[in-house]
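Presented below is the structure to which this report refers.
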Amino acid sequence: MGKKRPPVGIESFEKLRAGDFYYVDKTGMIRELLQNWGEVNLFTRPRRFGKSLNMSMLRAFFEIGTDARLFDGLEISKETSLCEQFMGEFPVISITLKQVQGITFEEAKAQMWTALSREAGRLSFLQDSEKLDEVNRAQFVGLRTKSGSLEDGLLVLSELLCKHYGKKVIILIDEYDVPLQKAEANGYYREMTELLSQMFGYGMKSNDNMFFAVVTGCLRVTKESIFTGFNNPKVHTIVDDQYDEWFGFTDAEVRAMLDYYGLSEYYDTTKLWYDGYRFGTVQVYCPWDVVNWCEQLRRSRNHTPQNFWANTSSNDMVLRFVEMADETTRADLELLSEGKSIAKDLRMELTYAELDRDIENLWSVLFTTGYLTYRGQNEDGLYLLSIPNREIHNLFDRQIRDWFYTRIEDGLQPLFQAFDEHNIGEIEACINACMMESVSFMDGGNTDEMKETFYHGLLLGMLRGRRGWLVKSNREAGNGRADIILIDRLRQCGHIVEVKYARTCSSLENRAREGLRQIGEARYDEYFSGLGISAIYCYGIAFCQKKCKVAGMTA
């Protein structure tokens, strides 16, 4: 008998169980949900952590007419009394809002109608139900044809189901906050908030036809907007202990999956790249990554880990903060990239409309969307945030930092232009201006060598902000190693920079000229031989505290 296939992209529990797919058993969530019953239950988790599959699992378990064999051998099947009492005993309304992404409110409302109408179509037997009267049937036709009331659509559908079966309804809403995210980005947030507030209010607030509801999303939106008036909805965020193991794969589950496919030798690599998230008290892997990684190892000769999650996740919310970034933000990002933690006061309740009112909200967004995880809290109750794994670390190094440096690049245009024009005085003025804004003279370390390395790195970071320049550090050239080599293909010229540290500001000029002499004596210009470079410019740049001096010449 062959191995079951990794369930790449499978979000239907029935398809996964009926087909030949590997399943990581999360049915224990059903037991916990019933034992900790709440009228409205909201789960917030990042994208690609199994929310949609779990919602499909709930529908398959509770819905009247379910195939009980789908749960054979699974954890929930051991709970015989729960299965007898609840399995296949409820009408279910199951709607996903992940496709409601209109550019205008009219488009989004039409997409919302499509989601509701599609679910009504799945329940088309209601149109011929003898338990419904003509008014009820007309209401149902209105839902099917999108001619009724969208605002009370959930309520109407639950009333019809309850009347048909004589049983209360379970309502499942997946990715409830996608319409809000798109609405805020496209300028119709107020209209979408009002629409969802009415839909959820009618459908899940004081709805006598509802047994309970489960709602999932990425971000917890404050009760004062969408969930106004709800009677104590149970909210389960990333930091809560309850339900912490039901989204994401635990270490034991990943070990078992690798062992099943004969891939145990890749455990350390899998852990390094895709583990590191913490939900409540449990360390978890990103399921999307692990499933795709197993499929790649089985089907491809390429056994190099890939950025599976990073290549599919929307970055819209992160990009919003680029224009708000300041030097403190950049410094925090640098610490994260170095593998360190930063302490932040996270807001677990936000509205999309208030996200960019404060740059500090960035950390809450990065945390809730899966770019960061937490390692606990400090004595002040601040969350210790860090990058979870190698995949996200690569994303930070390659993408997020690039977004912020793109913003910084605009502020460095005068410096780049000064290099283009070989304007020594302007180069010096621009570097000094940057130093005054962003550098503490205590940042350089304790020794002369450490301080020189610090200023070298600072200048290197500035120059690498120019797109189209090839910037190399500590490259062998002539009779030594040049600090910085810069190739400008567009202008067919090269730049050589030698960085020096000056102990006193009065020695800045001498140290700068010393750097310039070193370039000539070591013949660093030979690096450009055969590269088709028409002009070579040389700079000795000396630093002391927040000041620099530039000496220059043409080779």
Side-chain angles (χ1 to χ4, degrees), residues 10-19 51-71 86-102 106-176 178-179 195-196 198-204 207-216:
I10 305 297
E11 295 183 340
S12 166
F13 180 81
E14 294 178 65
K15 181 177 180 180
L16 188 151
R17 291 291 289 166
K51 297 191 300 295
S52 296
L53 180 57
N54 278 351
M55 293 291 266
S56 178
M57 173 192 70
L58 293 178
R59 192 190 89 181
F61 180 84
F62 287 109
E63 190 163 45
I64 293 171
T66 190
D67 183 355
R69 293 173 298 178
L70 294 172
F71 295 89
F86 295 101
M87 183 186 285
E89 292 295 323
F90 296 88
V92 175
I93 297 171
S94 179
I95 295 176
T96 178
L97 302 183
K98 66 174 61 177
Q99 300 303 324
V100 182
Q101 304 186 34
E106 289 71 25
E107 288 181 10
K109 189 173 182 179
Q111 292 164 353
M112 191 83 75
W113 255 123
T114 297
L116 182 61
S117 176
R118 183 179 292 118
E119 180 64 0
R122 191 180 71 86
L123 305 170
S124 59
F125 59 83
L126 289 173
Q127 192 164 342
D128 301 317
S129 173
E130 295 180 357
K131 301 289 183 66
L132 305 185
D133 56 28
E134 291 302 317
V135 173
N136 296 148
R137 292 193 184 95
Q139 289 177 307
F140 184 75
V141 171
L143 295 178
R144 288 292 310 275
T145 60
K146 309 177 185 179
S147 59
S149 170
L150 180 59
E151 287 78 2
D152 64 3
L154 285 175
L155 175 62
V156 169
L157 197 53
S158 63
E159 286 177 342
L160 300 181
L161 280 169
C162 187
K163 193 170 183 178
H164 174 80
Y165 285 112
K167 295 185 175 184
K168 291 192 175 185
V169 177
I170 292 173
I171 297 177
L172 307 175
I173 307 293
D174 192 30
E175 302 285 12
Y176 86 98
V178 170
L195 175 59
L196 285 180
Q198 289 178 330
M199 285 185 67
F200 291 178
Y202 283 125
M204 292 183 284
N207 181 356
D208 293 334
N209 308 289
M210 185 184 77
F211 180 54
F212 70 78
V214 178
V215 183
T216 73

How would you list, by chain and number, every residue that makes a side chain to side chain contact (heavy atoms under 4.5 Å, CB included) with Leu132, sequence neighbours excluded? Leu126, Ser129, Asn136, Arg137, Leu160, Lys163
Sequence-distant partners of Gln127, side chain to side chain contact (heavy atoms under 4.5 Å, CB included), two or more places apart: Phe140, Val141, Arg144
Side-chain heavy-atom pair Ile95, Asp174 within 4.5 angstrom cut-off: no
Going through the distances and angles, do Ile170 and Ile93 end up as a side chain to side chain contact (heavy atoms under 4.5 Å, CB included)? CA-CA 6 Å; Ile170 292 173; Ile93 297 171; over 6 Å; no
My understanding is that only residues two or more places apart in sequence, or in another chain, count here; which of them pass ring-ring contact (aromatic ring centres under 6.0 Å, His included) with Phe211? Trp37, Phe90
Heavy-atom distance under 4.5 Å between the side chains of Met112 and Met199, does that happen here? yes
Heavy-atom nearest pair, Gly88 first then Thr66, reads CA-CG2, 3.7 Å
Ser149: which residues meet the side chain to side chain contact (heavy atoms under 4.5 Å, CB included) condition with it, sequence neighbours left out? Glu151, Asp152
Side chain proximity check, Val156 to Leu143, heavy atoms < 4.5 angstrom: yes
Distance col, row Arg17:CZ vs Ser56:OG, nearest 0.5 angstrom, shows 12.0 Å
With sequence neighbours excluded, what pairs up with Glu89 under the salt bridge (charged side-chain N to carboxylate O under 4.0 Å, His left out) test? Lys167
Residues that Lys15 engages under salt bridge (charged side-chain N to carboxylate O under 4.0 Å, His left out), provided they are two or more places apart: none
How are the rings of Phe62 and Phe212 set to each other: parallel, tilted or perpendicular (split at 30° and 60°)? perpendicular
Counting neighbours of CZ on Arg118 that are heavy atoms of other residues, nucleotides or ligands and sit closer than 6.0 Å, is the number greater than 12? no
Partner set under side chain to side chain donor-acceptor pair (under 3.5 Å) for Gln101, not counting sequence neighbours: none
Quick one: pull up CD in Gln198 and CG in Leu154 and give me the separation to the nearest 0.5 Å. 12.0 Å
How about Tyr165: does its OH atom have over 12 heavy atoms from other parts shown lying under 6.0 Å from it? yes
Met210 vs Lys168, test: side chain to side chain contact (heavy atoms under 4.5 Å, CB included). Steps then yes/no. CA-CA 5 Å; Met210 185 184 77; Lys168 291 192 175 185; over 6 Å; no
What's the spacing between Met55 CE and Glu175 CD if we round to 0.5 Å? 9.0 Å
Run the numbers on Val178 and Val100 for side chain to side chain contact (heavy atoms under 4.5 Å, CB included), then give the verdict. CA-CA 7 Å; Val178 170; Val100 182; 5.6 Å; no
Counting distance only, does the side-chain N/O of Ser124 pair as donor-acceptor with the main-chain N or O of Ala120 below 3.5 Å? no
With sequence neighbours left out, what residues match Phe71 under ring-ring contact (aromatic ring centres under 6.0 Å, His included)? Phe13, Phe61
Do you know which two heavy atoms are closest between Ala60 and Leu70, and how far apart they sit? CB-CD1, 4.5 Å
Does any part of the side chain of Thr216, heavy atoms only, come nearer than 4.5 Å to the side chain of Ile173, both counted from C-beta? no
Do Leu97 and Gln111 come close enough that some side-chain heavy atom pair is under 4.5 Å? no
Across all chains, not counting sequence neighbours, the side chain to side chain donor-acceptor pair (under 3.5 Å) partners of Lys98 are Glu11, Ser52
Show me the pairs that pass salt bridge (Lys or Arg N to Asp or Glu O under 4.0 Å) and involve residues 207-216, at least two apart or across chains. none
Residues which pass side chain to side chain contact (heavy atoms under 4.5 Å, CB included) with Ser94, listed by chain and number, not counting sequence neighbours: Arg59, Val92, Glu119, Leu172
Name all residues meeting the side chain to side chain donor-acceptor pair (under 3.5 Å) criterion together with Asn207; count only those two or more places apart in sequence or in a different chain, and write none if there are none. Ser158, Asn209
Once rounded to the nearest 0.5 Å, what's the spacing between atom OG of Ser12 and atom CD1 of Ile10? 8.0 Å
